[in-house]
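First up is the structure itself, then whatever we jot down about it.
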Amino acid sequence: MKIPKNYNHKETEDKIYAKWEKERLFKPETSIEKGKASHDSPYFSMVLPPPNVTGILHMGHALGITIEDILARFHRMKGYKTLWIPGTDHAAIATQSKVESILQKEEGKNRHQLGKKKFLEKVNSFASESHDTIVKQVRKMGASVDWEREAYTLDEKRNRAVKTAFKRLHDMGLIYKGMRIVNWDPRGQTTVSDDEVNYEEAKGKLYTFYYDKDFPIPIATTRPETKLGDTAVAVNPGDKRYKEYIGKEYKVNFAGESLSIKIVGDEEIDPEFGTGAVGVTPAHSFTDWEIAERHGVSIKQIINEKGEISIQDSEFNGKEISKAREEIVEKLKEKDLLVKEEFITQNIAKAERTDGTIEPLPKMQWFINVNKKFVFPHSSLPFIKKGEKITLKKLMELSVKEGCISLVPKKFEKTYFHWINNLRDWCISRQIWFGHHIPAYYCKKEGRKIHQNDAKNNFYISIEAPEKCPFCGECEMVQDSDTLDTWFSSGLWTFSTLGWPEESKELMNYHPTTVLETGHDILFFWVARMILMTTSLIGEIPFRYVYLHGIVRDERGRKMSKSIGNIMDPIEVSDIYGTDALRMSLVIGSAPGNDVKISEDKIKAQKHFANKIWNATRFVVSVMPEEKKELDKIIAGETILLDNEKKHQEDLKKHIKEVTRHMENFRIYLAAEKLYQYFWHNFADIIIEESKESIYKGREEERMSALQNLYLHLTKQLKLLHPFMPYVTEEIWSMIPRSKESENYIMIEDWPKN
RNA sequence: GGGCGGUUAGCUCAGUUGGCUAGAGCAUCUCGCUUACAUCGAGAAGGCCGUAGGUUCGAGUCCUACACCGCCCACCA
């Protein structure tokens with residue numbers, strides 16, 4: 001057979017992927033049919049972390065997919081029933097705000113001007129376009145995912161899972177509706193969770209002032225306008241300066257508004273900071289809310305959802321915050337109440353997706369209670385029995401602490417525990433339109449006797465829309481207009497993709513999943529939520545191992561970003577250098593948890609490696625004996641090896657062992673480097689070069705021994721390399737002489753044992 | 001403020017349970033188009049493994065302190 005001089009990935013990749021798919025090699029059922037695995041074989045299962053349908057894949061996705069595919073292909077070759085489920089994430093707020101900004105740019109409209117129905121149509125068509133792109137890209141990366149099981153976090157099956165989960169968690173007493181202070185994003189017009197808030201450093205002013213001239217204690221603040229909502233002043237109970245005032249109540253006139261201020265003593269107050277006294281604004285500050293709760297101070301909301309002052313009959317009513325601030329400072333100056341103005345740097349809370357400045361507001365929202373003990377309904381967990389009581393926090397903690405789930409690398413376990421310790425109730429409701437609707441229904445009539453479900457709050461939780469109102473028996477109920485945090489649905493991902501809430505075979509066969517591979521930046525967002533959801537709902541862990549990869553950076557260690565202009569598009573790169581080259585360069589030097597730097601040079605080097613493999617094969621094929629009997633003997637591995645070749649085979653055995661050990665311990669980066677080293681500098685540089693002597697000038701036994709050695713080395717190494725460089729190895733596999741028993745595809749060959 | 005991590009060749013990084021005469025890729029230099037590959041080969045140069053102590057027969061690897069860099073969390077009125 002004549003083999004071209006250089007490896008051409010462009011002619012290879014799409015063709016091979018299509019063949020794999022056509023032969024259904026990505027399905028565990030096929031492994032069983034072909035006798036590679038049996039029904040009793042151990043399984044290896046993963047979910048693809050569903051990419052957001054907000055655009056296209058980036059290098060981070062490429063890295064994740066590569067690692068996952070390596071794990072999947074490795075286990076498939078080792079004879080595991082291997083299932084890897086693909087899918088996409090509707091990503092609620094991220095997608096909605098993306099479409100909103102497009103709408104604003106293209107049509108100059110906001111979502112309200114367009115209307116809910118039309119807007120959602122737009123979002124859905126955007127999502128579906130984005131989905132198609134993503135799916136194409138996942139294929140291009142060579143991912144051996146089972147496309148027939150593809151899922152979407154917002155499709156019908158997942159919607160059923162979400163509603164069921166919501167209802168069950170509510171029945172368990174873990175979901176509640178309550179008035180609480182939340183992170184309000186005035187730009188996105190929605191609440192966001194604590195994890196979706198980022199802090200930005202900014203210059204600000206710290207004002208020290210008195211409410212009015214009769215008030216004895218000076219207060220410091222960076223936000224004078226919020227002081228309109230003050231209902232108390234808190235001081236440290238040990239602070240001698242203010243001790244005498246604790247317990248007293250003052251009527252003050254602050255900037256023309258009358259306030260009633262109670263002085264309370266609270267240990268949390270640092271006497272050293274500012275004036276040692278805090279103006280307590282319970283409605284617009286998390287810590288103040290807590291102080292107010294401790295001391296029974298009243299709550300007064302003075303800022304509305306638009307980010308305006310909202311006080312009836314006040315001159316400030318309807319004014320923007322910044323405007324109100326100026327005017328108040330002006331008034332304080334006039335009355336000579338402003339003691340000090342100093343510049344300070346402070347942290348401004350920003351909404352991750354919209355960059356809107358977070359305004360803490362008290363709002364009626366849905367929460368998941370992480371501190372409430374509940375009866376654990378069923379358990380396959382070793383640390384708790386069915387019927388025992390536990391909190392969600394404890395469940396999340398013990399799942400990892402007791403070793404049911406291992407994080408790779410281990411150092412993230414500390415970060416994880418630390419996060420759990422600081423965890424507050426999870427606000428799961430969002431006021432956006434795109435997402436799963438909360439399955440809560442309200443009676444339209446008022447004053448009726450309410451007797452079912454959650455009567456106190458007058459809502460009824462149901463998976464199906466109720467036909468008859470259980471409260472009044474007449475009205476058509478109104479569904480809650482809120483949607484769910486996107487992480488609520490992705491928290492169910494390992495089992496919602498396997499048919500839950502049906503008691504499916506899939507769930508029995510492939511859950512808990514074996515590995516979850518994802519970026520360490522979503523450890524809290526996603527990994528922790530999956531543990532929460534899975535343990536509480538099905539009494540099982542979602543996965544045994546969590547493999548966390550780092551961030552892909554440019555060659556100078558910078559994050560890839562549009563503003564720097566250093567973004568590398570994985571698809572472009574794989575067009576130029578080949579997917580195999582891209583995969584190798586992403587994996588080499590990428591220890592779990594560490595950031596990876598990638599450069600064009602690095603990728604080029606791996607393209608060269610693919611070519612090296614190609615040419616080494618060309619050589620081996622070209623020297624194979626023409627006589628059929630001899631060739632068959634080599635293919636069967638029956639040729640007698642001389643001492644020199646025996647030694648090479650011993651080295652190869654060691655190499656296989658080492659690579660396998662690395663793979664089993666998630667040291668994929670080391671396995672990749674070893675493979676590169678061994679192939680190039682042992683096999684090509686030494687073994688092939690040495691063999692030429694025997695092949696061209698040696699005695700018959702020497703020639704045959706050398707050829708046998710080459711053949712064994714090449715075929716075994718190709719198998720070892722296949723998970724890493726699936727395309728080039730598959731293409732080559734079809735070109736080398738093989739036995740009848742060997743598979744048509746290297747993808748389903750056995751992983752070498754020795 | 002609390003926590004976690006890093007510091008090894010010009011650059012990017014390996015170094016798995018302490019045995020290393022410390023490796024690789026890229027870049028540099030010299031020579032070579034020899035019948036697998038110039039997307040290559042042969043060779044060279046390049047490192048008090050952040051600093052200071054300690055444990056040990058032996059430390060890049062373990063311990064302590066310090067310096068610098070990075071990340072995460074909290075958020076102080």
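In what follows, chains carry the letters A, B, and so on, assigned in the order in which the sequence lines appear, proteins first and then strands, with residues in each chain numbered from 1.
Within 4.0 Å of A/Lys410, counting heavy atoms only, lies no atom of the nucleic acid at all. The residue A/Phe412 sits apart from the nucleic acid: no heavy atom pair falls under 4.0 Å. Residue A/Lys604 is classed as having no contact, given no heavy-atom separation below 4.0 Å to the nucleic acid. A/Asn6 comes within 4.0 angstrom of a base, heavy atoms only. Within 4.0 Å of A/Ala610, counting heavy atoms only, lies no atom of the nucleic acid at all. Residue contacts shown for A/Ser285 are absent, as no nucleic acid heavy atom lies under 4.0 Å away. Using a 4.0 Å heavy-atom criterion, one finds that A/Thr222 contacts the sugar-phosphate atoms exclusively. If you check every strand for non-hydrogen atoms under 4.0 Å, A/Ala616 touches a base. Contacts of A/Ser622 with the nucleic acid, taken as non-hydrogen atoms under 4.0 Å apart, are absent.
One P atom belongs to B/U8, the other to B/U16, and the distance between them is 16 Å to the nearest Å. Rounded to the nearest Å, the gap between the C1' atom of B/A9 and that of B/C29 is 16 Å. Comparing the same atom, C1', in B/G60 and in B/G6 gives a spacing of 14 Å after rounding to whole Å. Taking atom P in both B/G19 and B/C62, the straight-line distance is 11 Å, to the nearest Å. For the C1' atoms, the distance linking B/U61 with B/G15 amounts to 9 Å, nearest Å. Remark: the separation of the P atoms in B/A45 and B/A59 is 27 Å, to the nearest Å. Separating the P atom of B/A65 from that of B/A77 is a span of 33 Å, rounded to the nearest Å. B/A52 and B/C13 have their C1' atoms separated by 27 Å, given to the nearest Å.
The stretch residues 260-281 of chain A touches RNA chain B through A/Ile269, A/Asp270, A/Phe273, A/Val278, each having a heavy atom under 4.0 angstrom from the strand.
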| message | How would you summarise protein contacts on nucleotides 12-18 of chain B per nucleotide, using B for base, S for sugar-phosphate only and - for none, with heavy-atom distances below 4.0 Å? | response | SSSSB--
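Ring centroids of A/Phe367 and A/Trp426 are separated by 6.0 Å or more, keeping the two rings apart. Aromatic ring centres of A/Tyr727 and A/His9 lie farther apart than the 6.0 Å criterion allows. Between A/Phe412 and A/Tyr416, a ring centre-to-centre spacing not shorter than 6.0 Å is recorded.
You'll find that the side chain of A/Asn611 is closest to B/U39, out of B/U39, B/G25, B/A38. When the nucleotides B/C40, B/G41, B/C73 are ranked by their closest atom to the side chain of A/Asp685, B/G41 comes out on top. Nearest to the side chain of A/Lys414, among B/C4, B/C26, B/G41, sits B/C4.
With hydrogens and angles ignored, no donor-acceptor pair under 3.5 angstrom links the side chain of A/Glu689 to the base of B/A42. Remark: the A/Asn347 side chain and the B/C75 base include a donor-acceptor N/O pair separated by less than 3.5 Å.
Between A/His681 and B/G25, a side-chain N or O to OP1/OP2 separation shorter than 4.0 Å is present. A close approach under 4.0 Å does not occur between any side-chain nitrogen or oxygen of A/Thr415 and OP1 or OP2 of B/G3. The side chain of A/Tyr696 contributes an N or O atom lying less than 4.0 Å from OP1 or OP2 of B/A36.
Consecutive pairing runs in RNA chain B reach the stem threshold at B:1-7 with B:67-73, B:10-13 with B:23-26, B:28-32 with B:40-44, B:50-54 with B:62-66, where a stem means at least three Watson-Crick or G-U wobble pairs with distances under 3.5 Å.
In terms of position along RNA chain B, the nucleotide closest to A/Lys692 lies nearer the 5' end than the nucleotide closest to the other residue of the pair A/Lys692 and A/Leu206.
Within the cation-pi definition used here (under 6.0 Å to the ring centroid, within 45° of the axis), A/Lys654 does not qualify as a partner of A/Tyr678.
Side-chain N or O atoms of A/His284 include one that pairs as donor or acceptor with a backbone N or O of A/Pro360 at under 3.5 Å.
The two residues A/Pro282 and A/Ser298 make their nearest non-hydrogen contact at CG-O, 3.5 Å.
Side-chain contact, A/Thr287 with A/Glu290: no donor N or O sits under 3.5 Å from an acceptor N or O.
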